[in-house]
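Notes for the one structure printed next.
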Amino acid sequence: MDPQLVVWLVARATGVAAYIALCLAILSGVALRTSVLDFLATNRALRSLHDFMTWIWIPLGIAHVTALLLDRTAQIGPLDLVVPFQVSYAPVAIGLGTLSLDIVVVVTVTSWLRRGLDDRLWRWLHRTSYVAFVLLFLHGLLSGTDFSSPLISSLSWSAALGIGLLAVARIAFGRLPE
Amino acid sequence: MPAWSLKLSAAFITLFVLVGSFDYASGHLKNPAAPLQPPVAGAPAPASTTPEPSVGPSIGPLLTVRPGQRTASATSGPRLTLAPGVQTASLAPITLTHTS
């Protein structure tokens, strides 16, 4: 098989998988602050899942951007992974992904350095992951090659709606009543 | 549910999505409905919409027959095969029928 074709397939597959892994990470994070998954597991187990998902989506995200760097058709350079809205043929669609990646990296690194940070500052930084998720969803919607597929589209929309509902419930009610 | 089973379930879900997406992408290499269609690097420029007349084939110097010189008998000359899209010149067909 043509190496460029393999790179293209890897970029597409890891993009969808990284999105789902990040959805699970955010879902378990929101569940910590609401009681929505209390029927399933304790907060300690959910926290463990939340931390674990980082080690699932990071390799998938790295594989996604590495494959796009190697893909000659995508025409994405190393600078495009950091500086958004630079890609000539789709600055917004790809730039949203770059912006989302930047935020997620900040959220992850500050979580690892949490002990050295002010708790209030850390919380606000961590809350920007909601913004990152919205940007990631828009990135997938505007640039995802497979987003028009009914199966992948329904999966992506369901995950996004689920997280959206939980986020609204979290803002409106805080921890849900038992 | 214990933490390990949550982790295992999440890892399986992600793996399932990864393999399923790869399989789907392998079966749909090109999606005409994809939102992004980046220009292919190194591809030839798209053809112009208005056709331009191509240069007709040059026939070369015509055969000059000196007075008194015999020409070859009426044999069929070499045939010119034109590639599709090549416009022919509006010249009369060359047929040498004169013999002295």
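In the text below, chain A, chain B and the rest are named by the order of the sequence lines, each starting its count at 1. If you're wondering where the values come from, they're calculated on a predicted model, not measured in any experiment.
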> Between A:Thr145 and B:Asn31, what is the shortest heavy-atom contact and its length?
Replying inline: O-ND2, 2.7 Å
> So, for A:Arg12 and B:His28, which heavy atoms are closest and what is the spacing to 0.1 Å?
Replying inline: NH2-O, 2.8 Å
>> Taking side chain as everything from C-beta outward and backbone as N, CA, C, O, which of these in B:Leu15 sits under 4.5 Å from a heavy atom of chain A? Side chain, backbone, both or neither.
In response: neither
Under 4.5 Å between side-chain heavy atoms, hopping through other hydrophobics if needed: is there a path connecting [X] to [Y]?
X	Y	result
A:Val65	A:Leu69	yes
A:Leu125	A:Val30	no
A:Val109	A:Leu101	yes
B:Met1	A:Phe52	yes
A:Leu40	A:Leu166	yes

> So which bits of residues 113-120 of chain A come within less than 4.5 Å of chain B, counting non-hydrogen atoms only?
Replying inline: none
> What parts of residues 53-63 of chain A touch chain B if we use heavy atoms and a cut-off under 4.5 Å?
Replying inline: A:Met53, A:Ile56, A:Leu60
Is there a side-chain contact between [X] and [Y] in this structure, where contact means two heavy atoms from C-beta onward sitting under 4.5 Å apart?
X	Y	answer
B:Phe22	A:Val10	yes
A:Ser149	B:Tyr24	yes
A:Ser143	B:Leu36	yes

> Sub-3.5 Å donor-acceptor pair from the side chain of A:Arg44 to the main-chain atoms of B:Ala3, do we have one?
Replying inline: no
> When heavy-atom pairs shorter than 4.5 Å are enumerated against chain B, which of A:Leu46, A:Leu141, A:Leu49 gives the highest number?
Replying inline: A:Leu49
> Quick one: of A:Tyr19, A:Tyr89, A:Phe39, who has the most non-hydrogen atom pairs under 4.5 Å with chain B?
Replying inline: A:Tyr89
Please classify the contact between [X] and chain B as side chain, backbone, both or neither, with a heavy-atom cut-off of under 4.5 Å.
X	result
A:Ile94	side chain
A:Ala93	side chain
A:Ile20	side chain

>> Does atom CZ (B:Phe16) have a neighbourhood of more than 12 heavy atoms from anything else shown, all under 6.0 Å?
In response: no
>> Between B:Ser21 and A:Asp146, is there a side-chain donor-acceptor contact under 3.5 Å, judged purely by atom types and distance?
In response: no
> So how far is it from B:Lys7 NZ to A:Leu24 CG, rounded to the nearest 0.5 Å?
Replying inline: 14.0 Å
